[in-house]
Structures are given as structure tokens and as C-alpha cells.
S.K.: 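My questions will all concern the structure given below.
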Amino acid sequence: MRTYRNRTAVLVSAATAALALSLTACGGDDGGTKSAGPTDRTASAASSTSTTPVAQSGDKEQGGETQSGGEGAAEQSGGKSQGQTASQQGGGQGENAQSGSGTKATKAGTPLCTTKGLKITAERQDGPPYTHLTLSAKNTSGASCEMKEYPHIHFLDNARGIVPPVAKSKPASPVVLEPGQSAYVAVRMSEGGRKENTETVKEFTVTLKANGGGMAVVKSPVAEGLSVNPQKWATGYWTTELRNGADEF
């Protein structure tokens with residue numbers, strides 16, 4: 001009986017020891033799991049922490065590159081430059097338009113002289129022989145006007161034609177007459193030779209063809225009339241004063 005009890009005691013002790021070892025092992029596993037938990041969390045947090053700043057840093061770098069690369073600035077700068085360029089071009093076009101309209105207004109503001117607003121007279125130049133005369137056209141319209149080219153003079157009938165112009169007499173700038181101002185033309189009637197074939201006229205016509213028409217009848221400045229030679233006559237261009245050289249022919 002003692003032997004059985006001893007065996008039983010031994011078995012109980014062995015079972016108790018085995019149970020204790022089993023419990024110890026389980027406790028060790030739980031402790032390992034718990035200790036491993038914080039470690040894993042720390043590692044996960046560290047991983048998450050290290051990952052997040054990288055992403056933020058990447059965003060900043062990308063933003064920095066965008067700013068430093070100048071895409072946004074270039075777009076803004078390009079937009080401003082295009083806007084400024086368009087504005088400047090628009091301003092230039094506006095100025096050009098104003099300049100163009102100013103030029104037209106200036107031309108339109110100076111109408112052409114007409115025979116209704118002029119007093120046209122003739123005067124013989126020094127002689128004898130009296131080979132030249134001077135035509136004068138005084139502006140009586142009360143407003144500025146422009147005289148163009150040369151007068152179409154008919155000394156005789158229309159079949160004889162007009163007195164031809166002398167090219168060197170053409171002025172370099174427009175001839176604009178203020179109210180009361182006169183324009184002048186030198187006219188050669190003949191050469192004054194004794195055997196020269198001339199005809200006498202007591203009046204003649206002046207047409208402002210370059211000014212749109214209009215005819216004036218001009219009387220001879222002397223009672224005996226003017227001696228003209230169709231082979232030699234010539235006229236200059238309208239000018240505000242007779243010039244040496246240009247109006248000598």
C-alpha cells in the first residue's frame with residue numbers, strides 16, 4: 001500500500017509539475033505576445049511616421065520644383081506678358097487709329113479752293129516787251145482752302161488748247177491759303193520778238209480743274225489787250241509767292 005501511495009504521490013507530483021510547466025509555457029507565450037505587441041506598434045508607428053514625412057517632403061519638393069521650375073510663375077508671367085502685349089498692341093492700334101483719323105481730319109478740314117471763293121486777276125510784268133503776266137487768286141471765302149496744281153488757261157478758243165505747265169515750277173508742299181491770302185502763277189505769253197506772230201486777247205478763262213472745276217473769266221489788265229503766241233506760251237504752278245528760278249521761264 002505504501003508503494004502504491006508513493007507511486008500515486010509521484011504521479012500526482014509529476015502531473016502537478018507538468019501542469020506547472022504547461023502554465024508557465026502559456027504564460028511565457030502570452031507575455032511574448034504582449035511584449036511583441038508594443039514592439040510591433042512601435043515599428044508600425046515608426047514606419048508610418050517615416051513614411052508620412054517622406055510623402056510630405058515629396059509634396060513640398062514637388063511644390064518647390066513647380067515654383068522653382070517656374071511653371072506657375074511662367075504661366076502668370078506669360079499671362080501678364082500676353083496681357084501687357086495685347087494691351088500695348090491695343091494701345092498702339094488705338095494711337096495708330098487716332099493718328100490716322102487725325103490725318104484724315106486735317107485733309108478734310110482744308111477744303112479745296114473754288115472760283116466762288118476766289119478773286120482772280122491778272123497783271124503784266126515789267127516790260128516792254130510785255131512777255132509775261134502774273135495771275136493772282138485771292139481767298140475771299142472766309143476760310144482756309146487749298147490750291148492744287150496749275151490753272152487751265154484758255155487765251156483763245158478751246159480748239160487752241162490750254163497753256164501747258166512748266167514742271168520746275170511745281171511746289172514741294174501743298175499751297176494752303178488763309179482767308180485774305182493770295183496764290184500766284186507766272187504766265188509766259190510770248191517771247192516779245194518783233195517778227196513774232198502773236199494774237200491779241202482782251203479776256204481769257206481760268207479753270208481750276210485740279211480743284212474740281214469752276215471757271216473764272218479774267219479781263220486783260222490793259223485796254224489794248226494782251227499779245228499771245230500759242231507756240232511760246234506756258235504757265236507755272238500755284239504758289240504763295242513767285243520764286244527766283246522756279247518761276248522764271
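Scope of the values below: all heavy atoms of this structure, side chains included, with no hydrogens, waters or symmetry mates.
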S.K.: Locate the shortest heavy-atom distance separating Ser227 from Thr200; write the atom from each residue and the value.
M.R.: OG-OG1, 4.3 Å
S.K.: Output the distance between atom CD1 (Ile153) and atom OG1 (Thr205), rounded to the nearest 0.5 Å.
M.R.: 9.0 Å
S.K.: Restricting to non-hydrogen atoms, name the atom on Leu112 and the atom on Cys145 that form the minimum distance, rounded to 0.1 Å.
M.R.: C-CB, 4.0 Å
S.K.: Test of understanding: clusters of I, L, V, M, F, W, Y form through side-chain heavy atoms closer than 4.5 Å, transitively. Do Leu118 and Val175 belong to the same one?
M.R.: yes
S.K.: Kindly work out whether a path of hydrophobic side-chain contacts (I/L/V/M/F/W/Y, heavy atoms less than 4.5 Å apart) joins Val201 to Leu135.
M.R.: yes
S.K.: If you take all heavy atoms of Ala216 and Ile120, which pair is closest and at what distance?
M.R.: CB-CD1, 4.0 Å
S.K.: Within the side chain of Ser220, is there an N or O that forms a donor-acceptor pair under 3.5 Å with the backbone of Glu203?
M.R.: no
S.K.: Could you measure the distance from the CG atom of Leu226 to the CE atom of Met189? Nearest 0.5 Å is fine.
M.R.: 5.0 Å
S.K.: Rounded to the nearest 0.5 Å, how far apart are NE2 of His132 and CZ of Arg124?
M.R.: 14.0 Å
S.K.: Taking all heavy atoms of Met147 and all of Ala137, pick out the closest pair and write down the distance.
M.R.: CE-CB, 4.1 Å
S.K.: Is there a path from Leu133 to Val218 through hydrophobic residues (I, L, V, M, F, W, Y) whose side chains come within less than 4.5 Å of each other?
M.R.: yes
S.K.: Between Ser169 and Tyr237, is there a donor-acceptor pair closer than 3.5 Å when you use the side chain of the first and the backbone of the second?
M.R.: yes
S.K.: Tell me whether the count of non-hydrogen atoms from other residues, nucleotides or ligands lying under 6.0 Å of CD in Glu224 goes above 12.
M.R.: yes
S.K.: Mind checking the CZ-CG spacing from Arg188 to Asn229? Nearest 0.5 Å is all I need.
M.R.: 9.5 Å
S.K.: Determine whether more than 12 heavy atoms belonging to other residues, nucleotides or ligands lie under 6.0 Å from atom NZ of Lys168.
M.R.: yes
S.K.: Can you find a pair of side-chain heavy atoms, one from Pro151 and one from Trp238, that are under 4.5 Å apart?
M.R.: yes
S.K.: Cut-off 3.5 Å, side chains only: do Thr134 and Glu123 have a donor facing an acceptor?
M.R.: no
S.K.: Nearest 0.5 angstrom please: Ser190 OG to Glu199 CD, how far?
M.R.: 12.0 Å
S.K.: Would you find more than 12 non-hydrogen atoms of other residues, nucleotides or ligands less than 6.0 Å from Asp126 atom CG?
M.R.: no
S.K.: If only atom types and distance count, is the side chain of Asn211 paired as donor or acceptor with the main-chain N or O of Thr114 below 3.5 Å?
M.R.: no
S.K.: For Leu177, does its backbone N or O pair with a side-chain atom of Asn139 as donor and acceptor, under 3.5 Å?
M.R.: yes
S.K.: Is the shortest side-chain heavy-atom distance between Trp233 and Leu156 below 4.5 Å?
M.R.: yes
S.K.: Are any side-chain N or O atoms of Thr207 and backbone N or O atoms of Lys209, one a donor and one an acceptor, separated by less than 3.5 Å?
M.R.: no
S.K.: Report yes if some heavy atom in the side chain of Met215 is under 4.5 Å from a heavy atom in the side chain of Thr115; otherwise report no.
M.R.: no
S.K.: Roughly how far, to the nearest 0.5 Å, is CD of Glu178 from OG of Ser141?
M.R.: 10.0 Å
S.K.: Classify the side-chain pair Thr110/Ser144 by whether it contains a donor and acceptor separated by less than 3.5 Å.
M.R.: no
S.K.: Using side-chain heavy atoms (C-beta onward) and a distance below 4.5 Å, is Pro165 in contact with Lys170?
M.R.: no
S.K.: Cluster question for you: counting only ILVMFWY and a side-chain heavy-atom cut-off of under 4.5 Å, with indirect links fine, are Phe249 and Phe155 together?
M.R.: no
S.K.: Does any N or O in the side chain of Glu146 come within less than 3.5 Å of the main-chain N or O of Pro174, such that one atom is a donor and the other an acceptor?
M.R.: no
S.K.: Has Arg160 got a side-chain atom pairing as donor or acceptor with His154's backbone, closer than 3.5 angstrom?
M.R.: no
S.K.: Over all heavy atoms of both residues, which pair between Thr235 and Tyr150 is shortest? Give the atoms and the distance, please.
M.R.: CG2-CD1, 4.4 Å
S.K.: Give the minimum heavy-atom separation between Ala122 and Phe204, together with the two atoms involved.
M.R.: CB-CZ, 4.0 Å
S.K.: Please confirm whether the backbone N or O of Asn244 pairs with a side-chain atom of Glu248, one donor and one acceptor, at under 3.5 Å?
M.R.: no
